[in-house]
Amino acid sequence: MLGLYAHIPFCSAICNYCNFNRGLFDAGQKSRYVNALLAEIARAGQAGRAGQAGYIGADTIYFGGGTPSLLDPSEVARIISACRDAFDVAADAEITLEANPESVDPGKLAALRNAGVNRLSFGVQSFRDAELRRLSRLHDAGRARAALAEARDAGFDNISLDLMMWLPEQRVDDWLASVDAAIAAGPDHLSRYLLEVYPNAPLKDDMARARWSQAPDEDAATMYVTAMERLEAAGYRQYEISNVAKPGRESRHNLKYWTDGEWLGFGCGAHGTIGSVRSKNVSGIDEYIDRVAQGIPVRSEIRRMDAAERLGDVLFTGLRLTSGIDLETVRGRYGVDVWERYRADLTPFVDAGLLLHDGSRLALTRAGMLLANEVMTVFV
Ligand code: SF4
(Lines give C-alpha, C1' and ligand atoms only; values in the text may rest on other atoms or scores of the structure.)
Protein backbone atom coordinates (compact mmCIF):
# COMPACT_ATOMS: atom_id res chain seq x y z
CA MET A 1 0.00 0.00 0.00
CA LEU A 2 1.26 3.44 -0.93
CA GLY A 3 1.49 6.56 1.18
CA LEU A 4 0.42 9.75 -0.57
CA TYR A 5 2.18 12.96 0.47
CA ALA A 6 0.95 16.43 -0.54
CA HIS A 7 3.28 19.35 0.10
CA ILE A 8 1.63 22.67 1.01
CA PRO A 9 4.42 25.26 0.92
CA PHE A 10 2.67 28.34 2.34
CA CYS A 11 3.32 30.01 5.70
CA SER A 12 1.92 33.17 7.32
CA ALA A 13 5.43 34.20 8.36
CA ILE A 14 8.84 32.62 7.92
CA CYS A 15 10.34 31.30 11.16
CA ASN A 16 13.95 32.31 11.81
CA TYR A 17 15.25 28.71 11.95
CA CYS A 18 13.29 27.21 9.06
CA ASN A 19 15.03 25.21 6.38
CA PHE A 20 11.93 23.70 4.75
CA ASN A 21 10.65 24.31 1.24
CA ARG A 22 8.12 27.09 1.89
CA GLY A 23 7.11 30.62 0.95
CA LEU A 24 4.92 33.43 2.24
CA PHE A 25 1.19 32.89 1.87
CA ASP A 26 -0.40 34.42 -1.22
CA ALA A 27 -4.10 33.65 -1.75
CA GLY A 28 -3.99 33.73 -5.57
CA GLN A 29 -0.87 31.60 -5.76
CA LYS A 30 -2.40 29.13 -3.28
CA SER A 31 -5.49 28.61 -5.50
CA ARG A 32 -3.33 28.05 -8.57
CA TYR A 33 -1.15 25.67 -6.58
CA VAL A 34 -4.11 23.60 -5.37
CA ASN A 35 -5.32 23.25 -8.97
CA ALA A 36 -1.85 22.09 -10.00
CA LEU A 37 -1.77 19.56 -7.15
CA LEU A 38 -5.15 18.17 -8.22
CA ALA A 39 -3.86 17.77 -11.78
CA GLU A 40 -0.63 16.08 -10.66
CA ILE A 41 -2.54 13.62 -8.48
CA ALA A 42 -4.96 12.80 -11.32
CA ARG A 43 -2.09 12.18 -13.74
CA ALA A 44 -0.31 9.88 -11.31
CA GLY A 45 -3.56 7.98 -10.83
CA GLN A 46 -4.01 7.57 -14.57
CA ALA A 47 -0.52 6.06 -14.85
CA GLY A 48 -1.31 3.72 -11.96
CA ARG A 49 -4.68 2.66 -13.33
CA ALA A 50 -3.17 2.10 -16.77
CA GLY A 51 -0.83 -0.40 -15.14
CA GLN A 52 2.23 1.68 -16.10
CA ALA A 53 3.37 2.42 -12.61
CA GLY A 54 2.91 -0.77 -10.60
CA TYR A 55 0.80 0.83 -7.85
CA ILE A 56 -2.80 1.70 -7.19
CA GLY A 57 -3.72 1.10 -3.53
CA ALA A 58 -2.96 3.66 -0.81
CA ASP A 59 -3.65 3.65 2.92
CA THR A 60 -2.24 6.99 4.10
CA ILE A 61 -2.52 10.60 2.95
CA TYR A 62 -0.28 13.20 4.55
CA PHE A 63 -0.52 16.98 4.15
CA GLY A 64 2.90 18.37 5.07
CA GLY A 65 4.42 21.80 4.76
CA GLY A 66 4.82 24.68 5.09
CA THR A 67 1.53 25.15 6.88
CA PRO A 68 -1.20 22.92 5.42
CA SER A 69 -3.73 24.38 7.89
CA LEU A 70 -3.64 27.57 5.80
CA LEU A 71 -5.64 25.70 3.16
CA ASP A 72 -9.36 26.20 3.14
CA PRO A 73 -11.08 22.99 4.34
CA SER A 74 -12.88 22.84 0.98
CA GLU A 75 -9.46 22.67 -0.72
CA VAL A 76 -8.39 19.89 1.63
CA ALA A 77 -11.60 18.04 0.75
CA ARG A 78 -10.91 18.43 -2.99
CA ILE A 79 -7.37 17.09 -2.61
CA ILE A 80 -8.57 14.07 -0.58
CA SER A 81 -11.26 13.40 -3.17
CA ALA A 82 -8.69 13.65 -5.96
CA CYS A 83 -6.59 11.03 -4.13
CA ARG A 84 -9.64 8.78 -3.76
CA ASP A 85 -10.50 9.19 -7.47
CA ALA A 86 -6.94 8.53 -8.60
CA PHE A 87 -6.02 5.65 -6.23
CA ASP A 88 -7.78 2.89 -4.34
CA VAL A 89 -7.56 4.65 -0.98
CA ALA A 90 -8.44 2.32 1.90
CA ALA A 91 -11.66 3.16 3.72
CA ASP A 92 -9.75 3.36 7.01
CA ALA A 93 -6.83 5.35 5.56
CA GLU A 94 -4.88 7.54 7.97
CA ILE A 95 -5.28 11.12 6.72
CA THR A 96 -2.96 13.54 8.51
CA LEU A 97 -2.76 17.30 8.24
CA GLU A 98 0.02 19.36 9.80
CA ALA A 99 -1.42 22.40 11.54
CA ASN A 100 -0.04 25.47 13.26
CA PRO A 101 -1.97 26.41 16.41
CA GLU A 102 -2.62 30.02 15.33
CA SER A 103 -4.11 29.01 11.98
CA VAL A 104 -7.06 26.97 13.26
CA ASP A 105 -10.28 27.72 15.12
CA PRO A 106 -13.21 25.51 16.16
CA GLY A 107 -15.11 26.04 12.88
CA LYS A 108 -12.10 25.27 10.71
CA LEU A 109 -11.22 22.17 12.73
CA ALA A 110 -14.77 20.83 12.43
CA ALA A 111 -14.67 21.48 8.67
CA LEU A 112 -11.31 19.69 8.35
CA ARG A 113 -12.73 16.69 10.21
CA ASN A 114 -15.75 16.70 7.85
CA ALA A 115 -13.38 16.91 4.88
CA GLY A 116 -11.97 13.53 5.92
CA VAL A 117 -8.87 14.50 7.90
CA ASN A 118 -8.64 12.05 10.82
CA ARG A 119 -5.22 12.90 12.29
CA LEU A 120 -3.74 16.30 13.14
CA SER A 121 -0.10 17.05 13.75
CA PHE A 122 0.36 20.36 15.58
CA GLY A 123 3.63 22.26 15.31
CA VAL A 124 3.74 23.38 18.94
CA GLN A 125 7.56 23.33 19.38
CA SER A 126 7.49 24.62 22.98
CA PHE A 127 5.05 25.37 25.79
CA ARG A 128 7.20 28.29 27.00
CA ASP A 129 6.36 31.68 25.50
CA ALA A 130 9.90 33.07 25.74
CA GLU A 131 11.20 30.11 23.69
CA LEU A 132 8.44 30.50 21.10
CA ARG A 133 9.34 34.19 20.72
CA ARG A 134 13.02 33.33 20.24
CA LEU A 135 11.95 31.00 17.41
CA SER A 136 9.75 33.81 15.95
CA ARG A 137 6.71 31.52 16.10
CA LEU A 138 3.31 33.21 15.77
CA HIS A 139 1.53 31.31 18.57
CA ASP A 140 1.97 31.21 22.33
CA ALA A 141 1.56 28.29 24.70
CA GLY A 142 -2.01 29.25 25.58
CA ARG A 143 -2.99 29.15 21.91
CA ALA A 144 -1.36 25.73 21.51
CA ARG A 145 -3.32 24.31 24.46
CA ALA A 146 -6.55 25.83 23.15
CA ALA A 147 -5.98 24.45 19.63
CA LEU A 148 -5.55 20.96 21.03
CA ALA A 149 -8.73 21.21 23.09
CA GLU A 150 -10.63 22.59 20.08
CA ALA A 151 -9.39 19.69 17.96
CA ARG A 152 -10.70 17.19 20.52
CA ASP A 153 -14.04 19.01 20.55
CA ALA A 154 -14.12 18.80 16.76
CA GLY A 155 -13.91 15.00 17.01
CA PHE A 156 -10.20 14.33 16.41
CA ASP A 157 -9.12 11.25 18.37
CA ASN A 158 -5.65 11.03 16.85
CA ILE A 159 -3.55 14.13 17.55
CA SER A 160 0.20 14.55 17.44
CA LEU A 161 2.41 17.36 18.75
CA ASP A 162 5.89 18.41 17.67
CA LEU A 163 8.27 19.72 20.31
CA MET A 164 11.75 21.09 19.63
CA MET A 165 14.61 20.42 21.98
CA TRP A 166 17.92 22.23 22.57
CA LEU A 167 16.48 25.66 21.84
CA PRO A 168 18.48 28.84 22.43
CA GLU A 169 18.69 29.55 26.18
CA GLN A 170 16.70 26.39 26.95
CA ARG A 171 18.06 24.54 29.97
CA VAL A 172 17.15 21.05 31.08
CA ASP A 173 14.35 22.18 33.41
CA ASP A 174 12.86 24.45 30.73
CA TRP A 175 12.70 21.55 28.31
CA LEU A 176 11.16 19.25 30.89
CA ALA A 177 8.54 21.90 31.65
CA SER A 178 7.48 21.73 27.99
CA VAL A 179 7.45 17.94 28.09
CA ASP A 180 5.25 17.98 31.21
CA ALA A 181 2.93 20.52 29.59
CA ALA A 182 2.70 18.31 26.49
CA ILE A 183 1.82 15.30 28.62
CA ALA A 184 -0.85 17.37 30.40
CA ALA A 185 -2.29 18.38 27.02
CA GLY A 186 -2.69 14.67 26.29
CA PRO A 187 -1.82 14.14 22.62
CA ASP A 188 -1.88 10.60 21.20
CA HIS A 189 1.54 10.96 19.60
CA LEU A 190 4.53 13.19 20.14
CA SER A 191 7.58 13.95 17.98
CA ARG A 192 10.67 15.56 19.44
CA TYR A 193 13.19 17.21 17.20
CA LEU A 194 16.59 18.59 17.95
CA LEU A 195 16.95 22.20 16.77
CA GLU A 196 19.54 22.47 14.03
CA VAL A 197 20.87 25.98 13.54
CA TYR A 198 21.70 26.16 9.85
CA PRO A 199 24.61 28.38 8.79
CA ASN A 200 22.41 30.81 6.85
CA ALA A 201 19.43 30.78 9.26
CA PRO A 202 18.40 34.23 10.57
CA LEU A 203 18.27 32.55 14.00
CA LYS A 204 22.04 32.29 13.90
CA ASP A 205 22.33 36.09 13.69
CA ASP A 206 19.60 36.52 16.31
CA MET A 207 21.58 34.26 18.65
CA ALA A 208 24.80 36.16 18.07
CA ARG A 209 23.14 39.55 18.60
CA ALA A 210 21.26 38.52 21.74
CA ARG A 211 24.06 36.28 23.03
CA TRP A 212 21.75 33.29 23.27
CA SER A 213 23.46 29.95 23.67
CA GLN A 214 22.48 26.31 23.49
CA ALA A 215 22.96 24.02 26.49
CA PRO A 216 26.09 21.82 26.54
CA ASP A 217 26.00 18.46 24.74
CA GLU A 218 25.70 16.48 27.95
CA ASP A 219 22.60 18.48 28.88
CA ALA A 220 21.08 17.64 25.49
CA ALA A 221 21.62 13.95 26.31
CA THR A 222 19.91 14.43 29.69
CA MET A 223 17.03 16.22 27.97
CA TYR A 224 16.53 13.32 25.59
CA VAL A 225 16.71 10.53 28.14
CA THR A 226 14.70 12.24 30.90
CA ALA A 227 11.95 13.26 28.50
CA MET A 228 11.68 9.69 27.30
CA GLU A 229 11.37 8.39 30.86
CA ARG A 230 8.60 10.89 31.67
CA LEU A 231 6.73 10.10 28.47
CA GLU A 232 6.93 6.37 29.14
CA ALA A 233 5.68 6.88 32.69
CA ALA A 234 2.72 8.75 31.16
CA GLY A 235 1.78 5.81 28.92
CA TYR A 236 3.62 6.65 25.71
CA ARG A 237 5.79 4.07 24.00
CA GLN A 238 8.86 5.04 22.05
CA TYR A 239 8.81 3.46 18.59
CA GLU A 240 11.37 5.58 16.78
CA ILE A 241 14.36 7.70 17.77
CA SER A 242 12.28 10.90 17.85
CA ASN A 243 8.73 9.59 18.18
CA VAL A 244 6.50 8.22 20.91
CA ALA A 245 2.85 7.21 20.74
CA LYS A 246 0.02 5.80 22.79
CA PRO A 247 -0.54 2.15 21.80
CA GLY A 248 -1.86 1.90 18.24
CA ARG A 249 -1.26 5.60 17.52
CA GLU A 250 2.09 5.31 15.74
CA SER A 251 2.19 7.34 12.51
CA ARG A 252 1.30 4.87 9.78
CA HIS A 253 2.48 7.29 7.11
CA ASN A 254 5.87 8.04 8.63
CA LEU A 255 6.45 4.33 9.28
CA LYS A 256 6.55 3.87 5.50
CA TYR A 257 9.69 6.04 5.42
CA TRP A 258 11.38 3.85 8.04
CA THR A 259 10.25 0.39 6.95
CA ASP A 260 11.26 0.24 3.27
CA GLY A 261 7.78 1.37 2.21
CA GLU A 262 6.59 3.16 -0.92
CA TRP A 263 5.09 6.60 -1.27
CA LEU A 264 4.31 9.22 -3.88
CA GLY A 265 5.00 12.89 -3.24
CA PHE A 266 2.88 15.63 -4.85
CA GLY A 267 3.64 19.33 -4.96
CA CYS A 268 6.79 21.42 -5.10
CA GLY A 269 9.90 19.77 -3.69
CA ALA A 270 8.00 16.58 -2.78
CA HIS A 271 9.94 13.31 -2.76
CA GLY A 272 8.66 9.86 -3.66
CA THR A 273 10.00 6.31 -3.55
CA ILE A 274 8.58 3.46 -5.59
CA GLY A 275 10.63 0.27 -5.49
CA SER A 276 14.19 1.29 -6.16
CA VAL A 277 13.26 4.55 -7.87
CA ARG A 278 13.50 7.74 -5.88
CA SER A 279 12.16 10.98 -7.32
CA LYS A 280 11.88 14.65 -6.40
CA ASN A 281 9.71 17.39 -7.83
CA VAL A 282 10.94 20.86 -8.76
CA SER A 283 11.22 23.03 -5.63
CA GLY A 284 9.89 26.39 -6.82
CA ILE A 285 6.17 27.04 -6.30
CA ASP A 286 5.68 28.97 -9.55
CA GLU A 287 7.85 26.63 -11.56
CA TYR A 288 5.79 23.71 -10.28
CA ILE A 289 2.49 25.43 -11.18
CA ASP A 290 3.81 26.38 -14.66
CA ARG A 291 5.08 22.90 -15.42
CA VAL A 292 1.77 21.28 -14.49
CA ALA A 293 -0.13 23.86 -16.57
CA GLN A 294 2.09 23.18 -19.59
CA GLY A 295 1.96 19.41 -19.20
CA ILE A 296 5.74 19.26 -18.59
CA PRO A 297 6.90 16.59 -16.08
CA VAL A 298 7.29 18.09 -12.60
CA ARG A 299 10.00 15.71 -11.49
CA SER A 300 13.42 17.32 -11.45
CA GLU A 301 15.26 14.21 -10.26
CA ILE A 302 14.65 10.54 -10.88
CA ARG A 303 17.26 8.17 -9.54
CA ARG A 304 17.38 4.40 -9.55
CA MET A 305 19.13 3.18 -6.43
CA ASP A 306 21.42 0.20 -6.84
CA ALA A 307 21.08 -2.78 -4.52
CA ALA A 308 23.87 -1.62 -2.19
CA GLU A 309 22.36 1.84 -1.79
CA ARG A 310 18.90 0.42 -1.13
CA LEU A 311 20.23 -1.96 1.47
CA GLY A 312 22.20 0.86 3.14
CA ASP A 313 19.04 2.91 3.25
CA VAL A 314 16.97 0.09 4.74
CA LEU A 315 19.55 -0.52 7.46
CA PHE A 316 20.00 3.17 8.18
CA THR A 317 16.28 3.87 8.55
CA GLY A 318 15.55 0.52 10.25
CA LEU A 319 17.90 1.38 13.09
CA ARG A 320 15.80 4.47 13.83
CA LEU A 321 13.03 2.15 15.05
CA THR A 322 13.04 0.70 18.56
CA SER A 323 12.06 -2.63 16.97
CA GLY A 324 15.26 -2.35 14.92
CA ILE A 325 16.16 -4.35 11.83
CA ASP A 326 14.58 -7.76 11.25
CA LEU A 327 17.61 -9.63 9.89
CA GLU A 328 15.55 -12.43 8.31
CA THR A 329 13.37 -9.98 6.39
CA VAL A 330 16.46 -8.21 5.08
CA ARG A 331 18.04 -11.51 4.12
CA GLY A 332 14.85 -12.55 2.29
CA ARG A 333 14.54 -9.26 0.42
CA TYR A 334 18.17 -8.37 -0.27
CA GLY A 335 19.95 -11.72 0.03
CA VAL A 336 22.40 -10.34 2.59
CA ASP A 337 23.30 -11.69 6.00
CA VAL A 338 23.73 -8.29 7.67
CA TRP A 339 25.33 -9.61 10.85
CA GLU A 340 27.88 -11.66 8.94
CA ARG A 341 28.73 -8.79 6.63
CA TYR A 342 29.09 -6.09 9.29
CA ARG A 343 29.98 -8.18 12.36
CA ALA A 344 33.49 -6.74 12.76
CA ASP A 345 32.29 -3.13 12.58
CA LEU A 346 29.21 -3.67 14.74
CA THR A 347 30.70 -5.77 17.54
CA PRO A 348 32.39 -2.80 19.31
CA PHE A 349 28.98 -1.08 19.50
CA VAL A 350 27.38 -4.25 20.91
CA ASP A 351 30.20 -4.54 23.46
CA ALA A 352 29.74 -0.89 24.45
CA GLY A 353 26.02 -1.43 25.13
CA LEU A 354 24.88 0.79 22.25
CA LEU A 355 23.50 -1.97 20.04
CA LEU A 356 21.53 -5.13 20.73
CA HIS A 357 21.95 -8.24 18.61
CA ASP A 358 19.73 -11.14 19.61
CA GLY A 359 20.26 -13.32 16.55
CA SER A 360 17.16 -12.22 14.65
CA ARG A 361 17.21 -8.46 15.28
CA LEU A 362 19.60 -5.58 15.47
CA ALA A 363 18.41 -2.57 17.47
CA LEU A 364 19.89 0.49 19.15
CA THR A 365 19.66 0.69 22.92
CA ARG A 366 18.54 4.01 24.40
CA ALA A 367 22.17 4.92 24.99
CA GLY A 368 22.84 3.91 21.38
CA MET A 369 20.12 6.27 20.15
CA LEU A 370 22.15 9.19 21.49
CA LEU A 371 25.03 8.05 19.29
CA ALA A 372 22.92 6.74 16.43
CA ASN A 373 24.83 8.58 13.73
CA GLU A 374 28.07 6.91 14.73
CA VAL A 375 26.52 3.45 14.58
CA MET A 376 24.75 4.17 11.29
CA THR A 377 27.96 5.21 9.54
CA VAL A 378 28.79 1.49 9.44
CA PHE A 379 26.07 1.11 6.79
CA VAL A 380 26.69 4.14 4.58
S1 SF4 B 1 5.71 27.38 10.06
FE2 SF4 B 1 7.06 25.60 9.73
S3 SF4 B 1 7.43 25.55 7.50
FE4 SF4 B 1 6.56 27.58 8.00
S5 SF4 B 1 8.33 28.92 8.24
FE6 SF4 B 1 7.79 28.15 10.30
S7 SF4 B 1 9.04 26.29 10.56
FE8 SF4 B 1 9.06 26.81 8.39
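Residues: numbered from 1 along the sequence shown. Whatever order the structure lists ligands and atoms in, that order sets their numbers, starting from 1.
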**OP:** Quick one: name the protein N/O/S atoms under 2.8 Å from atom 6 (Fe) of ligand 1, chain by chain.
**Re:** C15 SG
Subject >> Heavy atom of the protein closest to atom 3 (S) of ligand 1 (residue, atom name, distance) >> reply: G66 N, 3.3 Å
Subject >> CG-CE distance between L370 and M228, expressed to the nearest 0.5 angstrom >> reply: 9.0 Å
Subject >> Working for ring pair (Phe, Tyr, Trp, His ring centres under 6.0 Å), residues Y198 and Y17 >> reply: CA-CA 7 Å; Y198 293 96; Y17 60 92; 9.1 Å; no
Subject >> Interatomic distance, C83 atom SG to I95 atom CD1 [nearest 0.5 angstrom] >> reply: 8.0 Å
**OP:** For N100 and R137, test the side chains for any donor-to-acceptor distance below 3.5 angstrom and give the result as yes or no.
**Re:** yes
Subject >> Residue pair C268 / I285: nearest heavy atoms and the distance that separates them >> reply: SG-CG1, 4.0 Å
Original post:
Which residue pairs satisfy the ring-ring contact (aromatic ring centres under 6.0 Å, His included) criterion with at least one member in residues 320-359, sequence neighbours excluded?
Top reply: W339-H357, Y342-F379
